[in-house]
Amino acid sequence: MISYGEALQQLLAAAEPLPAQNLPVDQAEGRVLAAAITSTQALPPFDNSAMDGFALRAGGDVVPAGSIFDVQGWQAAGDVAAEGGQGAWEIMTGARMPSGLDSVVPVEQVDVVEAQNGRPLRIRLREALKPGQHVRLRGQDVEDGEEVLAATTTLDINALTLLHAIGAANVQVQPQPKVAVIATGKELVSDAAQALESGQIRDSNRPYLVRRLQAAGADVVWQGVVGDDTAAFDNVLDVALAAGAKVLISTGAVSQGRYDFIPDALRARGAQIIFHKVAIRPGKPLLFARLPNGVLYFGLPGNPISAAVGQRFFVEPVLRRLLGLPEEPALQLPLQADVRKPAGLRMHARARVELDAAGQLSVRVLSGQESFRLKTMLKANAWAVLEGEGDLAAAGSRVRVQGWGHRDPVQLAQQESP
């Protein structure tokens with residue numbers, strides 16, 4: 001049995017970032033940038049009006065209220081550049097500023113002194129005009145040649161909006177790691193409508209893992225259930241590999257019982273067992289191996305929370321590595337109360353990060369930490385990691401706190417009254 005730190009080193013040593021691929025921006029949501037994005041244009045691309053009103057030339061001076069101007073022309077959004085001259089131009093929001101004009105007075109701050117066919121011909125200022133007011137300058141948001149997104153940025157809606165605005169049609173992104181999920185056990189029932197017979201349970205691990213892996217940035221290319229049979233397991237592995245999986249994840253059959261066949265089945269295929277059993281709770285029997293073709297294999301225990309811990313703290317660091325992401329950051333928060341832990345083991349506890357009335361953050365380890373309990377997950381908004389040789393994590397001591405997934409920020413909750 002090895003420590004979590006040793007296991008993590010071996011995991012990361014076995015994984016290398018994948019070669020980048022080029023994608024159209026409209027297909028890149030949720031993907032990780034492989035290279036920084038530098039804008040090839042300014043944003044805004046030209047000086048334009050922030051208001052409906054009249055464009056004027058202030059020349060750096062305040063234009064006093066009562067000033068009268070002849071209206072030289074009209075400029076709407078989408079109109080080409082125009083020469084401003086010395087008078088005023090009626091202008092719409094977003095319209096390009098006529099050259100030589102540098103300020104805009106809102107329409108509600110002028111009186112129309114003379115008009116023809118509904119068009120203003122002469123205006124008077126109701127209020128003084130400050131130089132440069134209500135004008136959005138070229139490059140005020142993004143300069144031409146500016147780096148707007150760094151490599152390893154995950155492309156969310158906000159990032160994609162900016163890319164569209166600067167005319168970035170394609171981006172270099174990290175490929176999504178191709179993953180397969182295999183649930184083992186003759187007792188598993190996947191059809192939710194099927195009545196359970198004696199000894200049967202629902203297959204909940206597989207759908208959980210599939211959704212968590214997708215949220216973590218993986219492409220789940222195959223998923224399925226297999227009984228406690230080596231020949232059937234070998235067939236399923238062949239199908240998953242044929243689907244292109246480069247990371248295989250199974251649940252169950254990795255402990256030391258009569259039906260825990262996976263370690264021997266992998267060895268029979270020529271796999272190298274890199275480690276089997278880690279000093280953690282829950283999920284100690286976890287297995288990590290490499291198949292002869294270089295495919296990585298995670299054998300997670302079958303209890304639901306053991307499988308969730310294996311996915312979160314073993315599979316996800318490898319996915320981050322394959323995606324070219326840096327080491328995951330974590331919070332250090334004080335415990336609200338004493339927590340008993342297994343001596344000498346790193347404990348991954350379902351927890352709740354809470355904000356008290358004074359604006360201070362702390363973490364509460366929830367009751368019901370047994371590895372079969374699913375309901376505790378409903379109240380949890382984070383994982384608390386309890387380390388150290390002793391069997392007690394004392395109230396007030398700071399512990400590592402991580403989001404439910406490596407791309408999920410820790411959510412905050414109001415502290416409950418005692």
Side-chain angles (χ1 to χ4, degrees), residues 4 8 29-32 149 152-161 176 204-205 207-218 220 280-283 300 303-320 323 325-339 341 346-387 393 395-418:
Y4 177 79
L8 184 61
E29 184 172 358
R31 303 297 290 273
V32 176
L149 293 170
T152 75
T153 299
T154 297
L155 295 175
D156 60 11
I157 294 173
N158 297 328
L160 292 173
T161 300
Q176 293 177 291
S204 61
N205 282 347
Y208 172 85
L209 292 174
V210 166
R211 287 172 176 80
R212 289 284 2 142
L213 290 163
Q214 290 169 337
V220 179
I280 61 170
R281 178 74 60 81
L300 310 183
N303 276 321
I305 304 306
S306 297
V309 166
Q311 189 274 334
R312 177 64 180 92
F313 293 97
F314 292 81
V315 178
E316 289 202 13
V318 168
L319 294 180
R320 284 186 71 86
L323 290 167
L325 293 171
E327 181 180 354
E328 180 184 352
L331 298 175
Q332 295 287 331
L333 296 178
L335 284 171
Q336 287 186 17
D338 291 350
V339 180
K341 63 175 286 295
R346 171 180 160 124
M347 179 181 175
H348 302 92
R350 286 152 284 169
R352 191 169 174 85
V353 174
E354 295 180 334
L355 185 70
D356 67 18
Q360 299 299 308
L361 288 176
S362 60
V363 61
R364 175 164 59 95
V365 171
L366 300 172
S367 60
Q369 289 291 326
E370 295 89 346
S371 60
F372 71 91
R373 289 181 179 265
L374 288 174
K375 196 166 65 173
T376 307
M377 297 167 70
L378 299 179
K379 294 191 71 175
N381 61 11
W383 293 98
V385 181
L386 311 180
E387 301 181 89
S397 61
R398 290 186 172 271
V399 298
R400 184 181 181 89
V401 175
Q402 293 176 250
W404 204 251
H406 79 98
R407 301 210 294 186
D408 301 332
V410 173
Q411 302 296 316
L412 304 183
Q414 288 297 120
Q415 187 169 327
E416 298 176 358
S417 301

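Two residues are said to be in side-chain contact when any heavy atoms from C-beta on lie closer than 4.5 Å; E316 and Q311 meet this criterion. Q214 places a side-chain heavy atom less than 4.5 Å from the side chain of V220. Inter-residue side-chain proximity for R346 and V385 is flagged as met; some heavy-atom pair is nearer than 4.5 Å. When side chains are defined from C-beta on, R400 does not count as touching L386, because their heavy atoms never get closer than 4.5 Å. Counting heavy atoms from C-beta outward, L325 and V32 have side chains that approach closer than 4.5 Å. Two residues are said to be in side-chain contact when any heavy atoms from C-beta on lie closer than 4.5 Å; L149 and L155 meet this criterion. Annotation: side chain of Q360 is not in contact with side chain of P334 (no heavy-atom distance under 4.5 Å).
A donor-acceptor pair under 3.5 Å is absent between the side-chain atoms of R364 and the main chain of A351, judged by distance alone. R398 places a side-chain N or O within 3.5 Å of a backbone atom of Q332 that can act as its donor or acceptor partner. With hydrogens and angles disregarded, a donor-acceptor distance shorter than 3.5 Å links the side chain of R312 to the backbone of G403. Under the 3.5 Å distance criterion, the side-chain polar atoms of R350 are left unmatched by any main-chain donor or acceptor of A382. A donor-acceptor pair under 3.5 Å links the side-chain atoms of T161 to the main chain of I157, judged by distance alone. In this structure, the side chain of R352 does not engage the main chain of L366 through any donor-acceptor pair within 3.5 Å.
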Derivation and outcome, side chain to side chain contact (heavy atoms under 4.5 Å, CB included), residues V399 and V363: CA-CA 8 Å; V399 298; V363 61; 3.8 Å; yes
Side chain to side chain contact (heavy atoms under 4.5 Å, CB included) between S204 and L374, intermediate numbers included: CA-CA 10 Å; S204 61; L374 288 174; 4.2 Å; yes
Steps toward side chain to side chain contact (heavy atoms under 4.5 Å, CB included) verdict (I280, H348): CA-CA 8 Å; I280 61 170; H348 302 92; 3.7 Å; yes
Verdict with supporting geometry, V365 and L335, side chain to side chain contact (heavy atoms under 4.5 Å, CB included): CA-CA 8 Å; V365 171; L335 284 171; 4.0 Å; yes
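Distance check, rounded to the nearest 0.5 Å: OG1 of T376 to CD of Q369 gives 6.5 Å. Taking CD of E29 as the start and CG of D156 as the end, the distance is 8.0 Å to the nearest 0.5 Å.
The two residues L8 and P317 have their closest heavy-atom pair at CD1-CB, 3.7 Å. Here the shortest heavy-atom pairing between P282 and I305 reads CG-CG2, 4.0 Å. Shortest non-hydrogen contact noted between S362 and Q415 is OG-OE1, 4.0 Å. Shown here for N205 and P304, the closest heavy-atom pair between the two residues is OD1-CA, 3.2 Å.
A salt bridge is absent between R407 and E328: the closest approach of a Lys/Arg side-chain nitrogen to an acidic carboxylate oxygen does not fall below 4.0 angstrom. Ion pairing of D408 with R212 is present here, as a side-chain N (NZ or NE/NH1/NH2) and a carboxylate O approach within less than 4.0 Å.
Remark: S371 pairs with N303 by the side-chain hydrogen bond (donor to acceptor under 3.5 Å, both in side chains) rule, at least two apart or across chains. Not counting sequence neighbours, the partners of F314 by the ring-ring contact (aromatic ring centres under 6.0 Å, His included) test are Y4.
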